[in-house]
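Naming convention: chains lettered A, B, ... in sequence-line order (proteins, then strands); numbering from 1 in each chain.
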Amino acid sequence: MYGRTRVDAALKASRPGEELLVKGWVRTVRVGKEVTFLSVNDGSCMAGLQVVVEPTLPNYQDVCRLGTGSAIAVRGTLRESPAAGQKYELAADELEIIGPADDSYPLQKKRHSFEYLRTITHLRPRTNTFGAVFRVRSSLAQAVHRFFAERGFLYVHTPIITANDCEGAGELFRVTTLDMAKPPLAAGEVDYSGDFFAQATGLTVSGQLEGELFAQAFSDIYTFGPTFRAENSNTARHAAEFWMIEPEMAFADLMADAALAEDFLRFLCRHVLDNCGEDMAFFNEQIDKGLLERVRAVADSSFAVMEYTEAITHLKKAKVPFAFPVEWGLDLQSEHERYITEKVVGGPVFLVNYPRDIKAFYMRQNDDGKTVAAMDLLVPKVGEIIGGSQREERLDLLLERMAETGINEEGLWWYLDSRRWGSCPHAGFGLGFERLLMYLTGMENIRDVIPFPRTPRHAEF
RNA sequence: UCCCCAAUAGCUCAGUCGGUAGAGCGGGUGGCUGUUAACCACCAUGUCCCUGGUUCGAGUCCGGGUUGGGGAGCCA
């Protein structure tokens, strides 16, 4: 006997005349008196396998009534297809209906809107687009690990439950076992001393601070895991639960950090071009016509570097009207970032050395006394895709910044310890995995690149 | 959280000047066909998002709400 063959293997690796067992879900049925055609997909690739069924099959009548979405098993012979449209087809000797689907199956053999498909999040992976999205997502996740593994980076699992809110990067989701109906109070506030962890805890907004500790032991490390923000953000680019990649390098400065980010992004572009060809071609055709050209350009280009101060000069000279003011010391808005990367540079660009007052407490102060060693990577069409910095390794300066920005020392005593013994220059960055996916697939809504998106008011499935 | 837009058949949508509902796809039936999200004919299918108002009359105009989408802020 022989085992089950996946559709991609049947189409690529099999020889005509070979007897195969294929299992999958019916996408289309074309019924005739003399012959019926089924297209079977099992998720292994975009393409379906054409199954040819002759009326001599004992259950031919049942096969003709098969609905889109049915699960079937087909034993048959692979042969070259006499008709155009596919190279190979499977001539069925036996067809088992494993799980039928009736006409109430919500997915039809036609185009559906992404909005509608979000209402059937549990079924949308069976569509062409989401099949492609989640194959690319999986492949890209593995490429992330390969990139860092090849460079000797340690993969560290930073905690999901945490008692510190990092830089105040975002609102924390509370984690508690206290009785929500009547929480214990002390001086008018919730008393967490009786809670599971005997203190207020939440879901992590970043693994960076813990990552820095590991970098100061293993030199080069990265995290890649879920991150949570309880922000009431209602946009196509924000989710309450998303995955973030955060490398951290010891004995590295801002330029080394930027170099790593550039290598990383180009590696991932190269990866999807080389390994996800069929799915990328689909995105280029159906989702975003300029996608392949853009991804190839990034894979082959070297990224520009521009000082924040220089960016402000460009923006002040800009002929286009901006909705938000441009002034040295103010943060750049989306419209400004896109102007710089699209109009001024025309490609990926690192903006570096931002005013210290608009950046986080842990970023290293530059000698000018005004700026910090921060960098943002801006790319056309998206804007900021990577944010990073060299960290402040000098204890006195770090304490000074914490005091200025109102960060509580006591909760971060362990972080400060890393600056007490063996402190060293180090730098890292953060990359939102979903935003990377949006960039590499052309998908325009973050809800459509996460298997089961969590956004304000939405945690179903 | 703020601004803008939308909601009509299972899905995608049209619906003119306010006069009581349409197409394509999907479904059913029949035909045809080595077919390609097949094709041809016929048939069935509506809480026009909810609510209040204006009007002789509201899918259509106005107010309130709900849901969805786009943009902004926050950020990754």
Side-chain angles (χ1 to χ4, degrees), chain A residues 26-39 41 47-54 65 67-69 79-87 89 91 102-120 127-128 166-171 204-208 223-246 286 322-324 331-338 358-360 376-377 382-388 429-439 444-450 455-458:
Chain A
V26 173
R27 284 289 179 82
T28 67
V29 184
R30 293 181 289 277
V31 180
K33 269 212 186 66
E34 300 307 316
V35 63
T36 286
F37 300 94
L38 308 175
S39 177
N41 184 287
L49 178 64
Q50 172 159 289
V51 173
V52 186
V53 188
E54 309 259 350
R65 277 194 290 274
T68 300
R79 66 186 185 198
E80 288 184 13
S81 181
Q86 61 283 315
K87 191 167 183 206
E89 63 186 23
D102 64 19
D103 60 19
S104 63
Y105 183 61
L107 292 169
Q108 299 173 5
K109 47 181 178 180
K110 58 170 284 193
R111 194 183 197 100
H112 292 286
S113 68
F114 291 142
E115 291 81 11
Y116 171 66
L117 292 172
R118 275 175 219 144
T119 68
I120 49 169
T127 64
N128 283 337
C166 193
E167 61 217 74
E171 289 297 311
T204 183
V205 296
S206 166
Q208 180 196 315
T223 73
F224 182 11
T227 307
F228 309 88
R229 304 274 168 93
E231 301 283 357
N232 188 17
S233 295
N234 295 286
T235 83
R237 287 184 203 79
H238 291 83
E241 176 181 300
F242 61 99
W243 283 59
M244 193 153 61
I245 299 152
E246 295 179 289
Q286 301 290 332
F322 291 121
F324 288 85
D331 209 354
L332 300 182
Q333 304 296 324
S334 301
E335 56 177 351
H336 306 140
E337 294 179 340
R338 290 190 59 172
I358 58 171
K359 289 293 182 182
D376 283 351
L377 177 61
V382 170
E384 182 185 338
I385 193 166
I386 286 176
F429 63 81
L431 168 63
F433 188 53
E434 284 75 18
R435 292 198 179 166
L436 174 71
L437 261 168
M438 291 167 72
Y439 186 63
E444 289 186 336
N445 196 309
I446 196 168
R447 287 171 273 234
D448 297 330
V449 297
I450 304 181
T455 53
R457 304 188 309 284
H458 295 280

If I take atom CG in residue L107(A) and atom C1' in nucleotide A37(B), what distance separates them, rounded to the nearest angstrom?
13 Å
H238(A) NE2 to C2(B) C1', straight-line distance once rounded to whole Å
15 Å
Would you say I385(A) and L431(A) make side-chain contact, with heavy atoms under 4.5 Å?
yes
With nearest nucleotides of RNA chain B determined for H112(A) and A236(A) from heavy-atom distances, which residue corresponds to the more 5′ nucleotide?
H112(A)
Which nucleotide in the list G10(B), A38(B), G27(B) gets nearest to the side chain of Q108(A)?
G10(B)
In whole Å, what separates the P atom of A58(B) from that of A21(B)?
13 Å
Whole angstrom is fine here: how far is it from CG in D331(A) over to C1' in A72(B)?
15 Å
Counting any heavy atom closer than 4.0 Å, what does A323(A) reach on the DNA or RNA strands: base, sugar-phosphate only, or nothing?
nothing
Which nucleotide in G34(B), G68(B), C11(B) has an atom nearest any side-chain atom of R457(A):
G68(B)
Interatomic distance, CD@E337(A) vs CG@L377(A), rounded to 0.5 Å, equals 10.5 Å
Within the structure shown, what part of the strands sits under 4.0 Å from N234(A) by heavy-atom distance: base, sugar-phosphate, or nothing?
base
Rounded distance in Å between the C1' positions of G52(B) and C11(B)
32 Å
Between U35(B), G73(B), C25(B), which one does the side chain of T235(A) approach most closely?
G73(B)
Quick check for you: among U35(B), A38(B), G27(B), whose closest atom lies nearest to any side-chain atom of E89(A)?
U35(B)
What's the closest nucleotide to the S113(A) side chain, out of U12(B), A37(B), C75(B)?
U12(B)
If you only use heavy atoms from C-beta on, which nucleotide in U1(B), G34(B), G73(B) is closest to the side chain of S334(A)?
G73(B)
Could you tell me how far apart R237(A) (CZ) and G73(B) (C1') are, to the nearest whole angstrom?
12 Å
Between P of G10(B) and NZ of K109(A), the distance in whole Å
20 Å
Distance between P atoms of C74(B) and G65(B) (Å, rounded):
27 Å
For R338(A), report the nucleic acid contact type (base, sugar-phosphate, nothing); a contact means any heavy atom under 4.0 Å.
nothing
Below the 4.0 Å mark, does G69(B) have OP1 or OP2 next to a side-chain nitrogen or oxygen of R118(A)?
yes
Do L107(A) and T68(A) touch side chain to side chain, with heavy atoms closer than 4.5 Å?
no
Determine whether more than 12 heavy atoms belonging to other residues, nucleotides or ligands lie under 6.0 Å from atom CZ of R111(A).
no
Quick note, S233(A) side chain, CB onward, closest among G34(B), G73(B), U12(B) is G73(B)
Do the side chain of E34(A) and the base of U33(B) come within less than 3.5 angstrom through a donor-acceptor pair of N or O atoms?
no
L332(A) CG to A72(B) P: how many Å, rounded?
15 Å
Which whole-number value in Å describes the distance from L38(A) CG to U36(B) C1'?
13 Å
List the steps and the verdict of side chain to side chain contact (heavy atoms under 4.5 Å, CB included) for I446(A) and R237(A).
CA-CA 5 Å; I446(A) 196 168; R237(A) 287 184 203 79; 5.6 Å; no
Can you check the distance between G27(B) and U12(B), where both ends of the measurement are the C1' atom (answer in whole Å)?
16 Å
Both N232(A) and I385(A) contact RNA chain B. Taking the nearest nucleotide for each, which residue is further toward the 5' end?
N232(A)
With C1' as the reference atom in both, quote the distance from G69(B) to C17(B) in angstrom, rounded to an integer.
30 Å
Distance between C1' atoms of A41(B) and U55(B) (Å, rounded):
45 Å
Of all the nucleotides listed (U12(B), A38(B), C74(B)), which has the minimum atom distance to the side chain of T28(A)?
A38(B)
Looking for any heavy atom pair under 4.0 Å, which part of the strands does F324(A) touch: base, sugar-phosphate only, or nothing?
sugar-phosphate
What's the gap between U54(B) and G18(B) when it is taken at their C1' atoms, as a whole Å value?
11 Å
Spacing between F114(A) atom CZ and A6(B) atom P, to the nearest angstrom:
23 Å
Hey, does R118(A) have a side-chain heavy atom less than 4.5 Å from the side chain of D448(A)?
yes
At 4.0 Å (heavy atoms only), tell me whether F37(A) reaches a base, stays on the sugar-phosphate, or touches nothing.
base
Roughly how far, to the nearest 0.5 Å, is CD of E231(A) from NE2 of H238(A)?
8.0 Å
Heavy atoms under 4.0 Å, any strand shown: does E115(A) hit a base, just sugar-phosphate, or nothing?
sugar-phosphate
Centroid separation under 6.0 Å, is that true for the rings of H336(A) and F324(A)?
no
Base, sugar-phosphate, or nothing for R447(A), non-hydrogen atoms under 4.0 angstrom?
sugar-phosphate
Quick one: are F224(A) and W243(A) in side-chain contact, heavy atoms under 4.5 Å?
yes
Tell me, which stems hold RNA chain B, with a stem being 3 or more Watson-Crick or G-U pairs in a row and both distances under 3.5 Å?
B:1-7 with B:66-72, B:10-13 with B:22-25, B:27-31 with B:39-43, B:49-53 with B:61-65
Closest to side chain of R30(A), choosing from C11(B), G34(B), A37(B):
A37(B)
Span that lies between the C1' atom of A14(B) and that of U51(B), in whole angstrom
27 Å
With a sphere of 6.0 Å drawn around CD of Q286(A), does it hold more than 12 non-hydrogen atoms of other residues, nucleotides or ligands?
yes
